[in-house]
Amino acid sequence: MSWWGETVVRNRSDRWPLVGRDSELAACVAALADRRCHGLVVAGPAGVGKSRLAEECVERTEPGELRVERATASAAARTVPLGAIAHLLPRGLDLSDPVAAFAAVAERLTGGPGRRVLLIDDMHLLDATSAVLLRQLMDARVITLLGTVRTGEPYGDAVAALCDGDGLHRVDVDVLPPEQIDALLYAVLEAPMAQAGLRALTTASGGNVLYLRELVLGALSTGDLTRDGELWHLRDGRQRLPGTVRLTELIDRRLASADAAGRTVLELLSLCDPLSLADAEVLATPDELTALEQAGLIRVVLTRRRTSVSLAHPLYGEVLRAGLPVLRRRHLLLEQVARVEARGARRREDPLHIATWRLAATGTADPELLLQAAVLARHAHDYHQTIVLLQALPEEHRTMTTHLRLGEAFLELGRWDEAETALTHADALAVGEQDTLAVTLVRTTNLLWSNAPVAEALLVNDRVRDRITSPAGRRELQVNEGFLRIASGHPAEGLALLTDLRSELGQDLHVNVWLRGAWMKPAGLALMGMTREAVFWAERVHDVHRQIHKEALASHPAFQRIPLVLALTEAGRLADARREGENAYAELTASGAGVRVWMAVVLGRTEWLAGHPAAARRWWAEAAALARSIDHSMALRVVLPGLAACAAVTGDLRTAEGLLDAHSALPGLPPGPLSAGEEHLGEAWLLAARGQLGKARSVLTAAAERARTTGHLTSEGMLLTDVARLGGAAHVADRLAELAQQCDGQFAPARAHLAAALAADDPDQLLDVAGAFQNVGADLLAAEAATAAASSTALAHFPRRVLSASRRAAVAAARCEGARTPLLTSILTPTPLTDREREIALLAAARNTSKEIAHALTLSVRTVENHLQHIYAKLGVSTRRELAQTLRVPPGVLPYQSHSPS
């Protein structure tokens, strides 16, 4: 491991911050502050952070308020009376006289400033003598007890009495939910975790903070957890997280309580979790299973009429499997296969289980069973297992259908070349129109996503048309072409081909063809501003897909939420778009990168339009990592400039520069559904961050024209709005007004009103627009509109109205995650800056010389100097440094370079 890696592990090995325990901590602090409190018990499962919470509670008290003594109970100390607290007692304590012993202990613990607090860890392990003595000291108000107790552990009456009664407070601590695990990892690693890694750590740890810590430290030490500059990632293809020796020892100690029969049940569960209760009872008696459940090693769940048994924690399976010898593993698997076959393999999932277990045990399985299992795995969207099962088929059992399914699974995982190989075999074995059409649908999609020129996918579709004679077959090819054209960035052309596509699934189209067209049609509608119709279509198609997903061999139904998120965003329903997208992404996390990447793209776009650059950056970084993992340049074409824009508006200009360099270096840029114009966002906002507003407007204006020519009306509206925000409102107000007439929803009218209000410098209109954007959920646009209102010349002599507008701007800006834009740098002065003065002021604040400013704006140096003198006088500053501080321009700005894609 490198020196850097060792440093990371060492730094993360320190005490972790307390995250996600605000309510529990507040309850603990309040209890200790209550003079009527005799004791406080922090209870919860092992490893959830009880001791950490108790320590933090003590540290939150005022200095000198408490005098804290500490002790830790243990199984070994429990065998000796007072063993755990012996170091707190006076020497030579005579236990034969309880009254004298109590008095001696009380005298030892009293005196001195502050209340005496005894912090006892693992109180459930105390011996009875210690428990009785501590209860007496607590009741006599000699001490305040602060102890941790592990739930689910048996303990005697004396300890039970210590943990209950008058004056005793109890705070329960449970495992952390996923969102708090995310926050904790961010705090520890100082950067976000990619969603797949977050899911893996959340699942493996079960929300147990101790387990999570050991998993992270283990992954860091082995190099399985790495950072790509934006996100932390777990290495692809990890079958298990390495953890640490300490973690393995902890779990081994937990598992050691099982007897021989119980151990067999645990080992089988590690391979075949979950088991039916009937299968578990073949291996162990009801009493033995009850003992496993009481020990917290298994979980028994009743679902309808079926009772199943599973391991209580996912890490138990990891540790058990790691310790299983090969022959023992084989024996357990084959015995379970025999049990399932003996009862007739009646359950729907049994063929998949039997085939998987036989493959794992012997490397072979019956071909018919493999085929059944592959179909089940495919319907469950387990593409990895689908590939394993189909590749295990002997050559003589491979058909057009098996090659097609294999190619489709490779496609879903973004393994383009392997998909093309399988699809070539399928095409060679195709017989009749239906086979040919089925292969064509998958093959053209694979070509589209795999960086091949769009013309190549369209050519394949056209050539097949020559082999298809039936009207139904030709219509399916037309639907496929519509899908391809919208996906490749030509929504108007694609929608024209899908005009007669109905929102109901009928008999005229194969289900997979209908799903393909019906998935892409709402995306095209949204891009062209028909958001109400787009939302209707997207919701309808998703519902139909949910109903038929067991029959349709198409992507996961949650994939249908991508056009819905796009449509909701363009309709101005950003909160709904965020909720739908995040829920769908959670469903897709176990799917391949090819399925997830576009949901991450549209979620990043939603957050960008909401004015949340940090959230947008995280989603776009997620998309970039997924796109790189499958060499998906179409997504990178949009994502890298988006990341650059996020970096630019938060002052991270060097990162923005590097991202645009990476964008320029992309090999071959296939067009995509969101690439018409929006790929210039990063360049424009980097220019704006440097103060070069004129050049930024030029870039955005050209990008908007490109979006207009391809029919991306909502993209055009977004880009022209940015022109207005950067000082060009008068030039784009008319076109935005036209777009507001062509596009429905709330966003387009609000954009048009913003441009008109900025052009007129009308504070009342600007405040109305701020409210409209607030209703939409576009926080940054709301903040900018309110700031512009506060800076308006019309309000210069109305200080109360200025203050009110400024407060509105501050509230909205607080939700914008540190965004810095030219409109937000508006300064109230008796004589406001003109547009030209603002542009020169921003360039000067960015440390550009007068000569560089003159060159950038095609002015003379003297003209620039004259403008600067007027600016200094209006703002009451005298240097560029003071100007930068006044305008809040970040340091470290780089010289201008063009990043227009080739």
Side-chain angles (χ1 to χ4, degrees), residues 400-401 404-405 407-408 411 423 426-427 429-449 452-528 530 533-534 536-549 551-555 557 559-560 562-563 567 671 673 710-711:
M400 188 286 296
T401 300
L404 176 60
R405 298 297 168 242
E408 188 182 48
L411 163 62
L423 293 170
D427 194 38
L429 296 173
V431 177
E433 286 193 355
Q434 286 306 310
D435 283 359
T436 300
L437 287 168
V439 175
T440 301
L441 294 178
V442 181
R443 191 172 189 184
T444 51
T445 307
N446 190 63
L447 289 169
L448 177 68
W449 299 139
V454 176
E456 188 173 338
L458 291 170
L459 181 61
V460 169
N461 201 68
D462 287 340
R463 286 177 174 171
V464 170
R465 189 177 282 114
D466 296 335
R467 297 158 53 189
I468 302 299
T469 58
S470 70
R474 286 179 168 269
R475 183 159 183 256
E476 290 190 359
L477 291 173
Q478 178 183 321
V479 171
N480 190 44
E481 183 181 348
F483 162 86
L484 293 171
R485 291 198 181 276
I486 295 174
S488 60
H490 297 86
E493 295 177 16
L495 286 176
L497 294 165
L498 300 177
T499 301
D500 62 345
L501 189 69
R502 296 183 301 174
S503 60
E504 300 289 336
L505 176 61
Q507 301 296 320
D508 55 329
L509 285 175
H510 188 278
V511 57
N512 290 328
V513 179
W514 181 84
L515 283 173
R516 170 179 300 259
W519 173 60
M520 196 55 71
K521 184 169 183 175
L525 291 168
L527 294 171
M528 295 192 69
M530 293 176 276
E533 189 179 357
F536 166 78
W537 264 89
E539 290 181 334
R540 175 62 188 153
V541 176
H542 178 261
D543 291 343
V544 172
H545 197 163
R546 287 283 185 196
Q547 295 168 15
I548 64 174
H549 79 278
E551 290 78 34
L553 289 174
S555 293
F559 200 52
Q560 300 285 356
I562 295 174
T710 56

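Throughout, residue positions are numbered sequentially from 1 according to the sequence presented. Just so it is clear, the model here is predicted, and its values are computed rather than measured.
- In this structure, the separation between CD on Gln560 and CZ on Arg546 is 9.5 Å, given to the nearest 0.5 Å.
- The closest side-chain heavy-atom distance from Leu404 to Leu429 is not below 4.5 Å.
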Q | CA sep, side-chain torsions, deciding dist, call: Val479, Trp514, side chain to side chain contact (heavy atoms under 4.5 Å, CB included) | A | CA-CA 8 Å; Val479 171; Trp514 181 84; over 6 Å; no
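- Looking at Met530 and Leu495, their side chains come closer than 4.5 Å, going by heavy atoms from C-beta outward.
- Within the 4.5 Å cutoff, the side chain of Arg475 has heavy atoms near those of the Asp500 side chain.
- Rounded to the nearest 0.5 angstrom, Arg465 CZ and Thr436 OG1 are separated by 14.0 Å.
- Here the side chains of Leu448 and Phe483 are in contact, with some heavy-atom distance below 4.5 Å.
- Note on residues 536-545: pairs passing salt bridge (charged side-chain N to carboxylate O under 4.0 Å, His left out), not counting sequence neighbours, are Glu504-Arg540.
- Checked by atom type, the side-chain pair Glu408/Thr445 shows no donor-acceptor distance below 3.5 Å.
- Nearest heavy atoms, Leu515 versus Val541: CD2-CG1, 4.3 Å.
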**Q.** Test side chain to side chain contact (heavy atoms under 4.5 Å, CB included) applied to Leu527 and Thr710, step by step
**A.** CA-CA 10 Å; Leu527 294 171; Thr710 56; over 6 Å; no
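- Side-chain atoms of Glu481 never come within 3.5 Å of backbone atoms of Leu458 as a donor-acceptor pair (strictly under, hydrogens ignored).
- Taking the side chain as every heavy atom from C-beta outward, Leu498 and Ile486 approach each other to under 4.5 Å.
- A salt bridge does not link Arg463 to Asp466: none of the charged side-chain nitrogens sits closer than 4.0 Å to a carboxylate oxygen.
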**Q.** Candidate pair Asn512 and Arg516, rule side chain to side chain contact (heavy atoms under 4.5 Å, CB included), full reasoning
**A.** CA-CA 6 Å; Asn512 290 328; Arg516 170 179 300 259; over 6 Å; no
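- No donor-acceptor contact under 3.5 angstrom links the side chains of Asn480 and Thr440, judged on distance only.
- Lys521 places no side-chain N or O within donor-acceptor distance of the main-chain N or O of Trp537, the cut-off being under 3.5 Å.
- Contact check for Glu433 versus Thr469: side-chain heavy atoms found under the 4.5 Å cut-off.
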